[in-house]
Trainee: 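This structure is in structure tokens; I'll ask about it shortly.
All ligand and atom numbering here is 1-based and tracks the order in the structure. FYI, the numbering just counts along the sequence from 1.
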Amino acid sequence: MSTTTLPSSTAAIVLEAPGAPGSVLRYAHIAIPTDLADDAVALHILAAPINPSDLSAVQGVYPIQMAPVAVTGGSAFPEGTTVRVPGFECAAEVVAVGSAVSDIAVGDWVIPNKGGFGAWRAHAVVPESEVLVIQRADEAHSLKVADAATMIVNPPTAYRMLRDFETLKEGDVVVQNAANSAVGRYVIQMARNLGVRTVNLVRDRPEFDALAADLTSLGATAVIRDGDLDALKGWFAEHAPQGARLAFNAVGGASAARMVEVLGKGAHHVTYGAMSRDPVPVNATALIFKDIKMVGFWMSEWKKQASREATVEMYDALVAAIRAGEVIGPEFEHVEVPLSLDDATEERQAEVVANVAKAGSSFLGKKILLVFPH
Ligand SMILES: NC(=O)c1ccc[n+]([C@@H]2O[C@H](COP(=O)([O-])OP(=O)(O)OC[C@H]3O[C@@H](n4cnc5c(N)ncnc54)[C@H](OP(=O)(O)O)[C@@H]3O)[C@@H](O)[C@H]2O)c1
């Protein structure tokens with residue numbers, strides 16, 4: 001076991017009851033166990049991103065529960081209040097290990113291997129089975145914190161969706177909406193690496209040309225304003241009259257329906273997100289005469305079904321691709337969470353909560369990464 005002394009409480013962003021992120025989230029100090037069970041690892045969480053799924057969980061509309069913990073201090077809630085810690089993913093450094101832990105060592109970097117991990121806290125003590133090592137202490141630390149902290153949600157979603165529905169061959173076309181999202185950017189790059197073309201729909205904005213140039217630099221074949229059905233159909237008529245093999249839908253509503261129109265016979269239309277919260281309409285003729293397969297994908301379900309070996313194999317491939325620069329992550333704004341109550345003035349607390357809530361805004365152009373300093 002390591003000699004590191006664990007704190008008995010730690011800084012976290014928490015909520016007592018679901019609701020709008022800007023209204024229900026608070027800065028608080030929460031209890032952490034000081035006795036390290038034999039099979040436990042103690043972690044210093046380095047960074048945790050804010051994903052749409054985290055904000056859905058805060059709003060109470062995501063089917064994974066967050067574990068309850070007790071507040072020990074801070075101005076937000078009275079001591080002893082039971083709260084929940086959001087955050088499905090992070091990168092953490094191991095600071096102590098229980099006496100029966102043999103596969104994980106102090107200094108290793110780990111990522112969660114469990115839904116509802118509660119990543120928005122500076123420290124955690126969890127069973128070793130709830131984490132996977134992503135970088136050994138003695139490895140050259142070539143993985144960036146932001147890349148390690150964002151490894152389990154978005155890159156594997158892009159990776160799986162490109163493999164699990166169609167056997168794509170060079171020159172095939174994938175069409176996707178919300179193409180400037182983190183998932184969309186990974187799809188563009190992973191497809192490029194497979195020799196697969198991507199047609200990318202993004203909402204119109206004053207900086208459309210700059211965004212299109214950015215996505216093109218990642219390997220996007222075409223970037224089209226979502227809503228411009230003529231441009232979308234025109235691209236396919238000219239470059240791929242056989243239609244797309246896959247559509248990736250993170251939006252729903254009319255945007256999802258437009259992509260159906262450019263799918264080839266027998267293709268898959270995969271819904272993995274619901275940013276507009278509108279239902280996915282489907283025209284019966286697409287199902288009957290084009291045999292379009294309307295399906296959904298959820299990374300958490302894949303992980304539940306997959307063996308630990310398959311999971312490790314996929315992450316090894318993703319880490320290797322990211323280390324080699326074959327795929328790069330999105331842009332992040334770092335938001336530092338104060339560790340000590342002395343530093344957590346009311347203004348700082350309000351600022352952190354506002355930055356978390358901001359992550360759900362339209363046209364933000366970057367992701368928010370919570371950073372927990374040493
Ligand atoms: N099923 C799964 O296993 C799985 C795994 C990972 C992610 N996801 C889902 O994938 C989606 C993207 O996640 P991410 O982390 O990659 O996103 P992100 O980087 O945070 O970006 C958010 C994206 O959503 C778009 N958007 C926001 N509000 C919108 C609205 N009302 N209508 C249309 N588009 C809107 C944004 O476009 P603008 O720039 O135009 O605002 C941006 O492209 C989310 O729905 C997420 O829940 C699902």
Trainee: Inspect the surroundings of CD in Glu313 and state if more than 12 heavy atoms from other residues, nucleotides or ligands are less than 6.0 Å away.
Mentor: no

Trainee: Out of Gly360, Gly253, Ser362, Ala182, who is nearest to atom 19 (O) of ligand 1 when you count heavy atoms only?
Mentor: Ala182

Trainee: List ligand 1 atoms under 4.0 Å from Val251, heavy atoms only on the residue side.
Mentor: 33 (C), 34 (N)

Trainee: Please list the nearest protein heavy atom to atom 47 (O) of ligand 1 with its residue and the distance rounded to 0.1 Å.
Mentor: Pro52 CB, 3.7 Å

Trainee: Of all the atoms in ligand 1, which lie at a distance below 4.0 Å from a heavy atom belonging to Met299?
Mentor: 2 (C), 3 (O)

Trainee: Of Tyr272, Phe363, Phe88, which has the heavy atom at the shortest distance from atom 4 (C) of ligand 1?
Mentor: Tyr272

Trainee: Can you confirm whether the side chains of Asn51 and Ser53 place a donor and an acceptor under 3.5 Å from each other?
Mentor: no

Trainee: For atom 30 (C) of ligand 1, what is the nearest protein heavy atom, given as residue, atom name and distance?
Mentor: Arg203 NH1, 3.3 Å

Trainee: Using the ring pair (Phe, Tyr, Trp, His ring centres under 6.0 Å) rule, collect all pairs that involve residues 146-194, keeping only residues at least two apart or in two chains.
Mentor: Phe165-His268

Trainee: Tell me which protein heavy atom sits closest to atom 18 (P) of ligand 1, plus the residue, atom name and distance to 0.1 Å.
Mentor: Lys367 NZ, 3.4 Å

Trainee: In terms of side-chain geometry, is the basic nitrogen of Arg258 or Asp228 positioned less than 4.0 Å from the acidic oxygen of its partner?
Mentor: no

Trainee: Do we see a donor-acceptor contact under 3.5 Å between the side chains of Asn177 and Asp226?
Mentor: no

Trainee: Is the contact between Asn51 and ligand 1 made by the side chain, the backbone, both, or neither, using heavy atoms and a 4.0 Å cut-off?
Mentor: side chain

Trainee: Test side-chain contact (heavy atoms from CB on, under 4.5 Å) on Val196 and Glu170; report intermediate values, then the result.
Mentor: CA-CA 5 Å; Val196 167; Glu170 218 172 311; over 6 Å; no

Trainee: Tell me: protein heavy atom nearest atom 5 (C) of ligand 1, and distance?
Mentor: Thr157 OG1, 3.0 Å

Trainee: What atoms of ligand 1 come closer than 4.0 angstrom to any heavy atom of Val183?
Mentor: 6 (C), 7 (C), 16 (O)

Trainee: Using non-hydrogen atoms of the residue, decide whether Ala274 is closer than 4.0 angstrom to ligand 1.
Mentor: yes

Trainee: For ligand 1, does Asn154 get within less than 4.0 Å through its side chain, its backbone, both, or neither, judged by non-hydrogen atoms?
Mentor: side chain

Trainee: Tell me, please, which residues at least two apart from Val101 pass side chain to side chain contact (heavy atoms under 4.5 Å, CB included).
Mentor: Val41, Val97, Ile104, Glu128

Trainee: Is a side-chain donor or acceptor of Thr10 paired with a backbone partner of His123 at a separation under 3.5 angstrom?
Mentor: yes

Trainee: Checking the N or O distance criterion of under 3.5 Å, is ligand 1 in contact with Asn180?
Mentor: yes

Trainee: Just by distance, no angles: are the side chains of Ser340 and Asp342 close enough, under 3.5 Å, to form a donor-acceptor pair?
Mentor: no

Trainee: Take every heavy atom of Arg205, measure it against each atom of ligand 1, and state whether any distance is under 4.0 Å.
Mentor: yes

Trainee: So which protein heavy atom does atom 27 (C) of ligand 1 come closest to, and at what separation?
Mentor: Met275 CE, 3.5 Å

Trainee: Mind checking whether Trp298 has an N or O less than 3.5 Å away from an N or O of ligand 1?
Mentor: no

Trainee: Select the closest option to atom 17 (O) of ligand 1 among Ala179, Gly273, Ser181, judged by heavy-atom distance.
Mentor: Ser181

Trainee: Is the shortest N/O to N/O distance between Phe297 and ligand 1 below 3.5 Å?
Mentor: yes

Trainee: Any carboxylate oxygen within less than 4.0 angstrom of a Lys/Arg side-chain nitrogen, looking at Arg245 and Asp172?
Mentor: no

Trainee: Does Glu333 pair with Lys367 as a salt bridge, N-O distance under 4.0 Å?
Mentor: no

